[in-house]
2 protein chains.
Amino acid sequence: MLEARLVQGSMLRKVVDAVKDLVSDANIDVSSSGFSLQAMDTSHVSLIAMHLRADAFEHFRCDRPMSMGMSLANLAKVLKCAGSDDIVTLKANDDGDTVTFMFESPKEDRVSDFELKLMDIDSEHLGIPDTDYCATVTMPAGEYARICKDLSSIGDTVVISATKDGVKFTTSGDVGTANVTVRQNTTADKKEDQTIIDLKEPVALTFALRYLTSFAKATPLATHVTLSMTRELPVMVEYAIQDMGHLRFYLAPKIEDEDMEGEDEAP
Amino acid sequence: MLEARLVQGSMLRKVVDAVKDLVSDANIDVSSSGFSLQAMDTSHVSLIAMHLRADAFEHFRCDRPMSMGMSLANLAKVLKCAGSDDIVTLKANDDGDTVTFMFESPKEDRVSDFELKLMDIDSEHLGIPDTDYCATVTMPAGEYARICKDLSSIGDTVVISATKDGVKFTTSGDVGTANVTVRQNTTADKKEDQTIIDLKEPVALTFALRYLTSFAKATPLATHVTLSMTRELPVMVEYAIQDMGHLRFYLAPKIEDEDMEGEDEAP
DNA sequence: GTCCTCTTCC
DNA sequence: GGAAGAGGAC
């Protein structure tokens with residue numbers, strides 16, 4: 001038996017919107033600790049890991065762990081039917097093959113419920129090793145999204161290099177080359193404008209821009225994004241969901257030796 | 001050696017956006033007097049002449065005249081990467097085959113640079129004769145753009161006739177006919193709303209609306225547009241760029257005798 | 001693929 | 001509050 005009530009229901013919609021272009025079907029796992037989703041994207045290049053803590057919910061009850069396989073496109077359709085201020089309640093039976101979403105308008109004058117069919121999905125539960133990252137950059141999510149979008153109009157890949165002074169994004173293509181440097185800034189008036197760089201050692205990694213721009217769909221979820229990098233290991237792009245959990249993306253860097261347009265290594 | 005720093009960097013973007021649909025590639029000429037661009041549109045019907053004075057720049061240095069051939073589509077891509085408040089600096093070496101654009105955010109916490117490849121373009125440097133125009137109409141740029149857009153949904157050509165009382169725009173098509181008359185108004189409270197007609201003798205000329213609507217992409221550059229006309233000569237459509245220079249378009253009138261759908265004479 | 005709406009940024 | 005870009009619908 002699962003029952004979870006979330007006042008800030010629009011959160012769910014943003015999470016699903018951020019992920020549905022990368023993964024078409026996924027298992028959403030529920031346990032007493034909350035909701036989580038872990039999946040490779042459809043082209044098996046990047047990895048998505050989402051967690052919403054049980055305590056983020058107004059009411060949360062999950063008698064025993066369950067895994068609910070869903071079409072994320074369908075899930076997105078259902079969540080789109082919720083008003084932006086609606087309170088969302090999820091319900092599922094332990095052995096059912098459906099999950100029910102209930103939407104209540106804040107004024108309580110409208111209640112809708114949607115029953116979504118579940119499906120069996122082979123889950124490849126990849127353990128994500130806890131890494132000690134060499135460089136962690138926290139910057140305004142919107143600014144980061146803008147940079148990814150701008151650079152993707154110039155080139156296909158980006159080199160992200162973190163030094164103590166700042167983080168530099170570099171790309172090149174037919175048009176020419178482009179560099180964007182964002183300086184560390186821990187003293188901005190508004191906390192939203194701050195950029196913080198936590199560096200053990202400088203690192204420079206190359207990534208496919210199309211995945212980074214896709215990850216950036218999560219921008220509405222958070223004011224800041226955190227890029228955590230270590231040489232030759234996947235970058236972790238994290239959007240912290242205010243007091244609730246996180247949405248993390250992992251993408252392996254392109255290794256310079258094998259860049260014969262052979263494209264896209266899995267993490 | 002070229003180095004030019006422009007605080008109001010968004011200006012450049014507006015100029016390029018206004019022109020890029022008419023000319024795909026163009027030479028941008030730089031000399032100690034500033035930047036200029038002169039080109040026929042792709043279909044060789046209209047002529048574009050832009051000038052930005054050296055004194056419009058915060059810092060301007062151009063050791064010897066140079067001509068930089070660019071894809072305006074690529075230039076537009078690069079300029080789109082500038083924030084709307086960014087300070088723009090251009091740099092080029094005398095014999096280089098690239099030009100570098102540097103964008104600095106006002107708070108100086110983000111710096112980007114874009115290197116754009118230059119190309120060889122045959123320039124047909126047409127002298128534009130200084131004409132004594134019979135009629136000069138200065139009117140709000142937005143109002144003029146609206147008229148062009150509205151009329152182009154009715155017909156393909158417009159007759160612009162200037163008399164001492166006002167300027168009349170006439171078109172007709174399958175739908176019917178349309179006339180828009182704008183009266184001289186030199187006493188409007190706001191200077192932006194004024195329309196001034198300077199007339200030596202009345203004149204009425206016929207133009208292809210598709211070019212006029214295309215020219216009107218320059219509207220964001222200026223509060224007013226000036227139409228200068230003389231019988232049987234090209235109209236000059238001028239957007240004065242505040243304290244900086246101008247963007248002028250020239251379009252030959254359709255001559256009534258030969259209007260057997262023979263379309264589009266060059267100026 | 002195009003149009004229209006919605007959101008976001010100015 | 002308006003315009004431009006992104007996303008959704010037909």
Side-chain angles (χ1 to χ4, degrees), chain A residues 8-24 71-86 114 139-154 180 182 188 190 192-193 209-225 239, chain B residues 6-21 73 76-88 103-107 109-110 112 140-150 152-153 190 192-193 213-214 216-223 239 242:
Chain A
Q8 204 182 339
S10 61
M11 196 82 266
L12 291 177
R13 176 179 165 169
K14 287 180 193 163
V15 169
V16 175
D17 281 345
V19 163
K20 71 171 203 286
D21 291 339
L22 285 163
V23 214
S24 57
S71 148
L72 295 187
N74 289 345
L75 176 56
K77 278 186 193 171
V78 166
L79 293 174
K80 228 174 267 312
C81 300
S84 55
D85 298 326
D86 281 5
F114 294 78
M139 63 184 288
E143 185 172 14
Y144 168 76
R146 171 75 193 267
I147 291 168
C148 288
K149 183 181 135 259
D150 283 350
L151 295 192
S152 66
S153 76
I154 310 283
V180 180
V182 180
K190 300 173 193 162
E192 298 106 77
D193 294 336
L209 270 166
R210 67 175 271 229
Y211 291 99
L212 298 185
T213 47
S214 201
F215 301 165
K217 297 235 166 77
T219 303
L221 282 168
T223 58
H224 285 79
V225 62
Y239 293 84
Chain B
L6 186 64
V7 172
Q8 204 182 339
S10 61
M11 196 83 266
L12 292 177
R13 176 178 165 171
K14 288 179 193 163
V15 169
V16 175
D17 280 346
V19 164
K20 70 170 203 286
D21 291 339
K77 273 188 192 174
V78 166
L79 293 174
K80 231 174 252 42
C81 299
S84 56
D85 297 328
D86 283 4
I87 297 162
V88 176
F103 304 141
E104 297 167 85
S105 65
K107 292 178 220 140
D109 52 0
R110 180 173 42 82
S112 340
E143 185 173 11
Y144 168 75
R146 174 69 194 269
I147 291 168
C148 289
K149 182 178 138 261
D150 286 351
S152 68
S153 74
K190 300 173 193 161
E192 298 105 78
D193 294 337
T213 47
S214 201
K217 298 235 165 78
T219 303
L221 283 167
T223 57
Y239 293 84
Q242 182 80 50

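From a predicted model like this one, the values you see are computed outputs, not experimental measurements. Keep in mind that the numbers below use all heavy atoms, side chains included, and drop hydrogens, waters and symmetry copies. A, B, ... follow the sequence lines: proteins, then strands. Residue 1 opens every chain.
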- Item | By salt bridge (Lys or Arg N to Asp or Glu O under 4.0 Å) - contacts of B/Glu143 (at least two apart) | none

- Item | side chain to side chain donor-acceptor pair (under 3.5 Å) against B/Ser105, all qualifying residues, sequence neighbours excluded | B/Asp109

- Note on the structure: Rounded to whole Å, the NZ-P distance (B/Lys14 to D/dA3) equals 13 Å

Check nucleotides 4-8 of chain D against the protein and report each pair of N or O atoms closer than 3.5 Å, with its distance, or say if there are none.
residue : atom : partner : partner atom : Å
D/dG8   : OP1  : A/Lys80 : NZ           : 3.3

- B/Lys14: what forms a salt bridge (Lys or Arg N to Asp or Glu O under 4.0 Å) with it, not counting sequence neighbours? none

Donor-acceptor pairs under 3.5 Å, side chain of residues 213-223 of chain A to any protein atom, not counting sequence neighbours: which ones?
residue  : atom : partner  : partner atom : Å
A/Thr213 : OG1  : A/Leu209 : O            : 3.0
A/Thr213 : OG1  : A/Arg210 : O            : 3.0
A/Lys217 : NZ   : A/Asp21  : OD2          : 3.1
A/Thr219 : OG1  : A/Ala216 : O            : 2.4

- Residues which pass salt bridge (Lys or Arg N to Asp or Glu O under 4.0 Å) with A/Lys77, listed by chain and number, not counting sequence neighbours: none

- Note on the structure: With sequence neighbours left out, the residues meeting salt bridge (Lys or Arg N to Asp or Glu O under 4.0 Å) with B/Asp150 are B/Arg146

- Query: Quick one: B/Met11 CE to C/dC10 P, roughly how many Å, whole number?
  - Reply: 17 Å

Could you list all N or O pairs between the protein and nucleotides 1-3 of chain C that sit under 3.5 Å apart?
none

- Does the side chain of A/Tyr144 reach to within under 4.5 Å of the side chain of A/Leu212, using non-hydrogen atoms? yes

- Item | Residue list, side-chain contact (heavy atoms from CB on, under 4.5 Å) with B/Asp193, at least two apart or on another chain | B/Ala188, B/Lys190

